[in-house]
Participant: 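The structure follows.
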Amino acid sequence: MRGLQSKVEAINALEAEYEALSDSALKDKTAAFKARLAEGETLDDLLVEAFAAAREAGKRALNLRRLDVQLMGAMVLHEGRVAEMKTGEGKTLTATAAAYLNALAGKGVHIITVNEYLVQRDSADMGKLYKALGLSTGYVTAGMGLDRGVLTPGEVDNAKRRGYGADVTYSLAAEVGFDHLRDQMKPTRAEMVQRGFNFVIVDEADSVLIDEARTPLVMSGPAVDVSNVFRATDVIAQELSDEAFTIDEKTRNIQLSEEGVPELEIILRRRGLLGDDSGLYQPENVGLLHNILASLRAHRLFRRDQHYMVQEGEIVLINELTGRAQPGRRMGDGAHQALEAKEGLTIKPESSTIATITYQNFFRQYQKIAGMTGTALTEAAEFEAIYNMYVAAVPTNQPMVREDRDDVIYRFANQKVLAILEDVKEAHAKGQPVLLGTPTVESSEMYSSVLKEQGIEHHVLSARQHEREAFTIAQAGAPGAITIATSMAGRGTDIPLGGNYDFAYAEAVKGVRDPAEQSKIAQRLKEEIAAARQKVVDAGGLYVLGTERGESRRVDNQLRGRSGRQGDPGKSRFYVSLEDDLMRIFGQGLDTWLKRFGIGDDEAIEHQWITNAIAKAQERREGYNFDI
């Protein structure tokens, strides 16, 4: 960071000179930079002047002046590293300086984010900044052109070609990856929509490059109808006794036990699916056994509203780490058909794979790759080993004053729920906003019903309410607001204390045409939010309450990071019970330990040792995921 400070000072020294430029003179700078590149100068030679131009364009187009730490973050991105910047430090604006500098080479820059709302929001907002500098902005999403009626495949390709042809393109990792696979199957180069891989900035890099990396991108070909097979195996899987198989929750796998093999053979012979002289492990029965195990996994390992949900007669998978729905994504190996049979839905044919690529191999094709996220240091070794990217922690603009309390641990889940309810009531009574972080849709709904019983007003944010996600999360800092959020729903949207002015204004002026009336509303809202902010600050800021520890320390840090942004006050604490999944599978020996210390059934314990033991359990889980 010390090395970057001198460049920041050089950029600051140019500020007055760039402020004096007219709009057209600022735009002309881009052409001048491109000419210097053509004459042999490098991007590093242009960095100070290009960043000064980008800062000035931000002030004019967005009314936002880039902070020194944001300039540092952009330099880290330009170097092809992962910039760890805390939540609320303005990563979206930070990326634009690095994107502008690298777009000068004329080979295109891709900015990858986590959902379609952010793709469209950022390309529209940040597009004003690039336009002020004479660059074009595009975006690519799965539903391109749907707002203008259904487009033909040729029209969609043309829209995508325009998106990828822009100087800066915003998109989703899955969309860019699938477009690459589709391009590989085009008969001629002219029909491809992408134009090569120059520089990519991945927003929420930990989510995209590490969590998502366990799932390869797969394109499917013609399908085989397997509906009858899975209807039959679904019934058989339910007939098997609990002794017939063993479940390994850690690897999410099911194996037949010694007693299970003869039991299953008897059931199959009774149904005429196995000959008297044939055994379960004969070559001709391997496929049948595979499908029975898939059906067993569907019933015993996949929980509705935690791993998947049913929407409009379809199985929609839920990303366990982000809590987001993943429409259109199907599991392979018969797992998806087994779930369709379990829920009594139409079983879609199993397709054959015609093209596949992992995220890791896909992103390695870029000449240079950079990432930014609020939490990356815990995965620094992984970023280095897989992508050869180093993590740099960028300091915060204002000192961090959030109070992170030690975990409170209970032996039983129901005591934990009662304690959380008391804590929420106490914070609500003094007007402190609470963000309740839950690991699954199911637990969100459980906490919601507990609060409803007590007559406490609250909002629920989960994979089910994807459309209202940004609006709900933006208002989570209003006095006394209680928001239940599944895992990391709402990432990418700030939680200002007192409420979000932009969202409130957009709602308040709907249908108001008179400009004088609009400015009155604006003035009133600004005063209301300023007063509400003061009230929240006095109450101690946003209180982030984790109802369970996540699979990795990083996920917990993301939840904590929703509070205490830009020097705001805040508080965070996690509640844990020994019945939570993480503690049950990875926190061996804690129950005996608590009994030895004489902790009663209805007592809680709060100690640094416990917090460390939980961190160890999470490290085991992270290591396990890295091995995968």
Side-chain angles (χ1 to χ4, degrees), residues 112-120 140-144 146 171-182 202-220 252 294 297-298 301-340 342-343 345-346 348 350-351 353 355-360 362-363 438-445 461-470 473 485-492 550-552 555 558 625 628:
I112 301 292
T113 185
V114 288
N115 65 19
E116 292 202 356
Y117 164 76
L118 293 177
V119 167
Q120 291 175 337
V140 176
T141 60
M144 278 192 98
L146 288 179
S171 190
L172 299 158
E175 202 50 35
V176 181
F178 279 128
D179 282 340
H180 169 62
L181 293 179
R182 289 182 199 111
V202 183
D203 191 10
E204 308 298 2
D206 54 325
S207 179
V208 175
L209 297 179
I210 289 179
D211 301 337
E212 293 278 324
R214 286 192 280 168
T215 320
L217 298 166
V218 178
M219 295 231 14
S220 308
R252 300 284 291 277
R297 274 198 294 276
L301 284 173
F302 284 90
R303 292 201 278 275
R304 186 168 173 166
D305 288 341
Q306 179 176 346
H307 302 111
Y308 68 93
M309 56 191 183
V310 177
Q311 269 185 350
E312 294 168 14
E314 300 260 342
I315 296 281
V316 178
L317 299 178
I318 294 174
N319 181 323
E320 282 183 62
L321 282 151
T322 62
R324 294 182 192 284
Q326 299 174 302
R329 181 170 284 191
R330 290 179 70 81
M331 290 183 290
D333 241 12
H336 216 93
Q337 285 76 9
L339 283 178
E340 286 167 337
K342 171 188 170 184
E343 296 294 344
L345 308 172
T346 308
K348 292 197 177 154
E350 187 163 15
S351 41
T353 300
T356 177
I357 192 168
T358 63
Y359 273 125
Q360 294 164 354
F362 171 66
F363 280 112
T438 65
T440 63
V441 178
E442 194 182 16
S443 59
S444 280
E445 290 175 352
L461 190 68
S462 72
R464 293 176 185 280
Q465 286 94 9
H466 204 51
E467 291 72 25
R468 286 195 52 82
E469 188 174 297
I473 202 80
T486 306
S487 195
M488 278 319 295
R491 267 181 96 159
E551 276 201 349
S552 75
V555 175
Q558 284 160 3
N625 287 344
I628 291 176

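Bear in mind the structure is a predicted one, so any value in this text is a computation, not a measurement.
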Participant: Considering all heavy atoms of both residues, which atom of N115 and which atom of L118 are nearest to each other, and what is their separation?
Facilitator: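 Minimum heavy-atom contact is OD1-N, 2.9 Å.
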Participant: With a 4.5 Å cut-off on side-chain heavy atoms, are D203 and I112 touching?
Facilitator: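 No, their side chains stay 4.5 Å or more apart.
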Participant: Quick check: do M309 and E442 have side-chain heavy atoms less than 4.5 Å from each other?
Facilitator: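 No, too far: nothing below the 4.5 Å cut-off.
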Participant: Could you tell me the separation between the CZ atom of R182 and the CD atom of E175, rounded to the nearest 0.5 Å?
Facilitator: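 Answer for the CZ-CD pair, R182 versus E175, is 5.5 Å.
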Participant: Within this structure, what is the NZ-CZ distance for the pair K342 and R297, rounded to the nearest 0.5 Å?
Facilitator: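 With rounding to 0.5 Å, NZ (K342) is 13.0 Å from CZ (R297).
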Participant: Apply the side-chain contact (heavy atoms from CB on, under 4.5 Å) test between V310 and each candidate in D305, V316, I315; give the one that qualifies.
Facilitator: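 Exactly one candidate clears the test, I315.
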Participant: Using side-chain heavy atoms (C-beta onward) and a distance below 4.5 Å, is H307 in contact with L301?
Facilitator: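 In short, these two side chains do not touch, never coming nearer than 4.5 Å.
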Participant: Kindly write out the residues that satisfy side chain to side chain donor-acceptor pair (under 3.5 Å) with E343, not counting sequence neighbours, or none if the list is empty.
Facilitator: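 Result, side chain to side chain donor-acceptor pair (under 3.5 Å) vs E343: R304, Y308.
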Participant: Roughly how far, to the nearest 0.5 Å, is OG1 of T141 from CD of Q120?
Facilitator: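 The OG1 atom of T141 is 5.5 Å from CD of Q120, to the nearest 0.5 Å.
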Participant: Indicate the atoms forming the closest heavy-atom contact of S444 with A485, along with that distance.
Facilitator: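 Minimum heavy-atom separation between S444 and A485: OG-C, 4.4 Å.
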Participant: Side-chain contact, heavy-atom cut-off 4.5 Å: M331 with L339?
Facilitator: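 Yes, their side chains come closer than 4.5 Å.
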Participant: Can you tell me if T356 uses its side chain to pair, donor with acceptor, with the backbone of L217 under 3.5 Å?
Facilitator: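 Yes: the side chain of T356 pairs with the backbone of L217.
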Participant: What is the minimum heavy-atom distance between A173 and F363, and which atoms define it?
Facilitator: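 In terms of heavy atoms, the two residues are closest at CB-CZ, 4.0 Å.
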Participant: Answer yes or no: is there a donor N or O on one side and an acceptor on the other, between the side chain of S443 and the main chain of T438, under 3.5 Å?
Facilitator: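 Not confirmed, S443 side chain does not pair with T438 backbone.
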Participant: Quick check: do L172 and V119 have side-chain heavy atoms less than 4.5 Å from each other?
Facilitator: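 They are in contact (side-chain heavy atoms under 4.5 Å apart), so the answer is yes.
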Participant: Hey, does F362 have a side-chain heavy atom less than 4.5 Å from the side chain of V176?
Facilitator: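 Yes. Closest side-chain heavy atoms under 4.5 Å.
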Participant: For a 4.5 angstrom cut-off between non-hydrogen side-chain atoms, does K348 reach H336?
Facilitator: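 Side chain of K348 against side chain of H336, heavy atoms only: no contact under 4.5 Å found.
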Participant: On a heavy-atom basis, which atom in G334 and which in A294 lie closest, and how many Å separate them?
Facilitator: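 Closest approach of G334 to A294, heavy atoms only: O-CB, 4.1 Å.
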Participant: With rounding to the nearest 0.5 Å, note down the distance linking CD in Q306 to CD1 in I318.
Facilitator: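 Those atoms lie 8.5 Å apart.
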